[in-house]
**Q** 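Right, I'll just put the structure down here and ask away after.
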Amino acid sequence: MEELTFAPLGGVGEIGMNLSIYGVGTRHQRAWLAVDLGVSFGDEEHLPGIDLIMPDISFLIKERRNLVGLVLTHAHEDHFGAILDLWPRLKCPIYATKFSAALFEAKCASERNPPKIPVTVVPSGGRIDLGPFNVEFIPMAHSIPESHALAIRTSVGTVLHTGDWKIDPTPIIGQPTDERRLREIGDAGVLALVGDSTNAVREGRSPSESEVAKTIVELVKGAKGRVAVTTFASNVARIRAVADAAKAAGREVVVVGRAMERVVQVARETGYLDGVQNFRGADLYGHFPSDKVLALCTGSQGEPRAALARIANDDHPQVTLNKGDCVIFSSRTIPGNEKAVGAIINGLIDQGVEVITDRTHLVHVSGHPRRDELRDLISWVRPQLLIPVHGEALHLFEHAKLARAAGVPKVLTCRNGDLVLLGPGDAGIIDQLPSGRLYKDGSILEDSKSRAVVERRRMGFAGCAFVAIAMDEKGELVDDPEVDLVGIPEKNTAGEVIDDIVFDIVVSTVEGLPRARRRDPDALAETVRRAVRAAINEQWGKKPLCLVHVLTV
């Protein structure tokens with residue numbers, strides 16, 4: 001009997017790194033449809049040197065022949081940012097609407113040697129057949145153009161996969177959420193609603209983009225000196241609102257930051273900035289009087305290499321801010337980025353710059369639905385089953401509780417790797433698929449057990465001791481050992497030099513071993529390693545990594 005299954009491989013129990021798969025077939029043979037392939041961002045404190053985190057796709061690689069395609073709901077990094085790195089392992093067809101496809105093409109063009117990845121463009125509201133799946137793209141309001149829910153029709157039933165969405169009757173650009181079409185799909189019968197839980201803890205409704213636009217106009221008009229606005233580069237509606245505010249205040253817009261330049265170019269090519277004045281390059285910033293310029297900057301999340309961090313540190317080659325100027329953070333701080341954003345805000349305030357955030361003014365709204373919006377969607381679609389996704393444990397729990405209270409017959413919470421039977425019969429978790437994380441370390445993808453990831457974290461916490469020993473064939477030291485301590489204090493609490501203590505420990509350990517053990521390089525190295533770690537722990541209270549090299553001459 002044919003079954004319809006669902007499995008999240010990323011994005012459930014967390015926010016980011018979204019990858020969902022749907023399967024149609026028997027337990028032994030299924031066709032698979034993938035939805036989105038996104039990233040999360042590394043945390044320098046816990047994952048030093050790791051820029052991006054991606055879902056483990058080992059299951060899809062194994063099932064590659066049965067993978068009918070990858071469909072993108074929209075072009076945010078947490079939904080499409082892993083394609084460049086992971087698509088070469090899948091080589092499946094990709095389907096997206098015009099703006100998402102154009103932004104992906106621009107992203108590829110900015111890479112040094114990108115793989116050639118063909119994307120088939122589907123019209124907004126269009127339908128495509130992929131194996132046993134018929135997929136319809138339903139317009140949803142969000143904080144990027146052309147976000148879509150997917151109505152996935154199969155012989156077993158229809159699933160509505162919401163993607164990221166909100167209800168915004170006045171979204172500035174793009175279409176509002178298509179209530180009429182969603183009601184029609186609900187009338188035809190929906191087996192399962194797989195839905196965004198990001199704001200399930202917040203009562204009421206998300207305010208509209210047009211309300212933010214009004215606030216930005218007032219702030220820019222009231223500013224005396226230079227104005228800088230930072231926002232998510234992909235939020236084209238916000239870019240348009242800032243441009244309109246600048247025009248109303250008689251200011252030129254200067255775009256600062258490559259990610260912002262890229263999105264502006266794509267938005268112009270796809271018609272989303274039609275009628276908006278031309279923007280200027282950062283090289284012209286200094287040519288305008290302070291009350292005639294507005295800098296539109298990347299760096300709202302505290303990224304150290306982005307424009308705003310460099311401006312706050314006063315080391316941007318073209319853009320400076322002075323006392324009496326104003327910076328508007330038209331964004332929210334993503335959890336985990338608070339320290340980095342706080343450092344930028346403090347740097348700006350120390351320079352005498354006024355900083356405006358969403359704590360005091362309506363300069364940002366979320367692109368995700370609050371509780372009343374979730375209730376509306378449930379009432380339009382009337383699913384037999386609801387599965388909360390796109391959220392941490394608290395968000396999933398609150399979304400599930402809300403769905404039960406709204407009368408959804410069955411609500412099921414799952415985690416990454418759970419294979420869920422949607423139908424026929426009772427929905428439930430029936431299996432576990434391989435799932436996990438891949439870490440992008442420079443240009444290399446590593447899994448969570450990789451030596452580099454584990455050791456670098458330990459090195460960051462407790463440093464590293466390097467020891468080199470030269471032995472002759474009789475098992476005698478040829479010369480003094482070499483000891484090099486990295487990231488370890490120079491002296492202990494008594495003021496003694498730790499390098500000297502470690503040197504003495506190495507010599508005494510070698511000389512205290514029986515000659516036969518001294519002639520075994522591996523045994524000697526392990527004994528010295530243990531002794532050095534123990535000695536440093538005694539002096540410092542931390543055990544470093546320790547690498548011992550034994551050379552036999």
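Scope of the values below: all heavy atoms of this structure, side chains included, with no hydrogens, waters or symmetry mates. Note that the coordinates shown come from a computational prediction; the quantities given were computed from them, not determined experimentally.
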**Q** Do R183 and E179 sit within salt-bridge range, that is, some charged N less than 4.0 Å from a carboxylate O?
**A** yes

**Q** Atom CG of L296 and atom CZ of R238: how far apart are they, to the nearest 0.5 Å?
**A** 11.0 Å

**Q** Can you tell whether the side chains of R375 and E203 come within less than 4.0 Å, N to carboxylate O?
**A** yes

**Q** Is any side-chain heavy atom of F41 less than 4.5 Å from a side-chain heavy atom of I53?
**A** no

**Q** When you check the gap from the basic side-chain N to the acidic O, do K98 and E146 get nearer than 4.0 Å?
**A**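 A salt bridge is absent here (no side-chain N lies under 4.0 Å from a carboxylate O).
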
**Q** With a 4.5 Å limit on heavy-atom distance, are the side chains of T5 and I430 in contact?
**A** yes

**Q** Please examine the side chains of H364 and F232, heavy atoms only from C-beta on, and report whether any two atoms are closer than 4.5 Å.
**A**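 The answer is yes, as the side chains (C-beta and beyond) meet within the 4.5 Å cut-off.
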
**Q** Of all the heavy-atom pairs spanning L70 and C92, show the shortest one and how long it is.
**A**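 Minimum heavy-atom separation between L70 and C92: CB-SG, 3.8 Å.
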
**Q** Can you measure from CG (D164) to OG1 (T198) and round to the nearest 0.5 angstrom?
**A**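 Atom-to-atom, D164:CG and T198:OG1 are 6.0 Å apart.
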
**Q** Does E3 come within less than 4.0 Å of R30, counting only side-chain N to carboxylate O?
**A**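 Salt bridge flag = yes for R30 with E3.
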
**Q** Measure the spacing between OH of Y439 and CG of L445 and express it to the nearest 0.5 Å.
**A**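 Reported value, rounded in 0.5 Å steps: 12.5 Å.
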
**Q** Is the distance between the ring centroids of H79 and H390 under 6.0 Å?
**A**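 That pair passes the under 6.0 Å test.
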
**Q** Determine whether T26 and M1 make a side-chain contact, defined as any pair of heavy atoms from C-beta on separated by less than 4.5 Å.
**A** no

**Q** Would you tell me whether N416 and S435 have side-chain atoms, one donor and one acceptor, within less than 3.5 Å of each other?
**A** no

**Q** If we only count heavy atoms from C-beta on, is the M140 to L182 side-chain gap below 4.5 Å?
**A** yes

**Q** Salt bridge or not for R27 and D431, using N-O below 4.0 Å?
**A** no

**Q** Does the gap between the ring centers of H161 and Y22 come in under 6.0 Å?
**A** yes

**Q** Is there side-chain contact between L438 and L86, with at least one heavy-atom pair below 4.5 Å?
**A**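 Counting from C-beta outward, L438 and L86 do come under 4.5 Å.
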
**Q** Could you measure the distance from the CG atom of D196 to the NZ atom of K166? Nearest 0.5 Å is fine.
**A** 11.5 Å

**Q** Among L72, L37, V71, whose side chain to side chain contact (heavy atoms under 4.5 Å, CB included) with I94 holds?
**A**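 Passing option: L72.
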
**Q** Return the OG1 to NE2 distance between T97 and H148, rounded to the nearest 0.5 Å.
**A** 4.5 Å

**Q** If you look at every heavy atom in G13 and L396, which pair is closest and at what distance?
**A**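 Where G13 meets L396 most closely, the heavy atoms are N-CD1, 3.6 Å.
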
**Q** Going by the side chain to side chain contact (heavy atoms under 4.5 Å, CB included) test, name the single residue among V408, L386, I378 that passes it with L402.
**A** I378

**Q** Distance only, no hydrogens: is a donor on one side chain within 3.5 Å (strictly under) of an acceptor on the other, for E261 and Q265?
**A** no

**Q** Any side-chain donor-acceptor pair under 3.5 Å between H399 and S197?
**A**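 Per modelled atom types, H399 and S197 side chains form a pair under 3.5 Å.
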
**Q** Any chance you could measure T177, atom OG1, to I138, atom CD1, to the nearest 0.5 Å?
**A** 10.5 Å

**Q** Check the pair R240 / E209 against salt bridge (charged side-chain N to carboxylate O under 4.0 Å, His left out), numbers first and verdict last.
**A** CA-CA 11 Å; R240 185 166 197 133; E209 277 292 337; over 6 Å; no

**Q** Taking side chain as C-beta onward, heavy atoms only, is S208 less than 4.5 Å from V365?
**A**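 Counting from C-beta outward, S208 and V365 never come under 4.5 Å.
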
**Q** Would you mind reporting whether P207 and R370 have side-chain heavy atoms less than 4.5 Å apart?
**A**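 SC-SC contact between R370 and P207 confirmed.
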
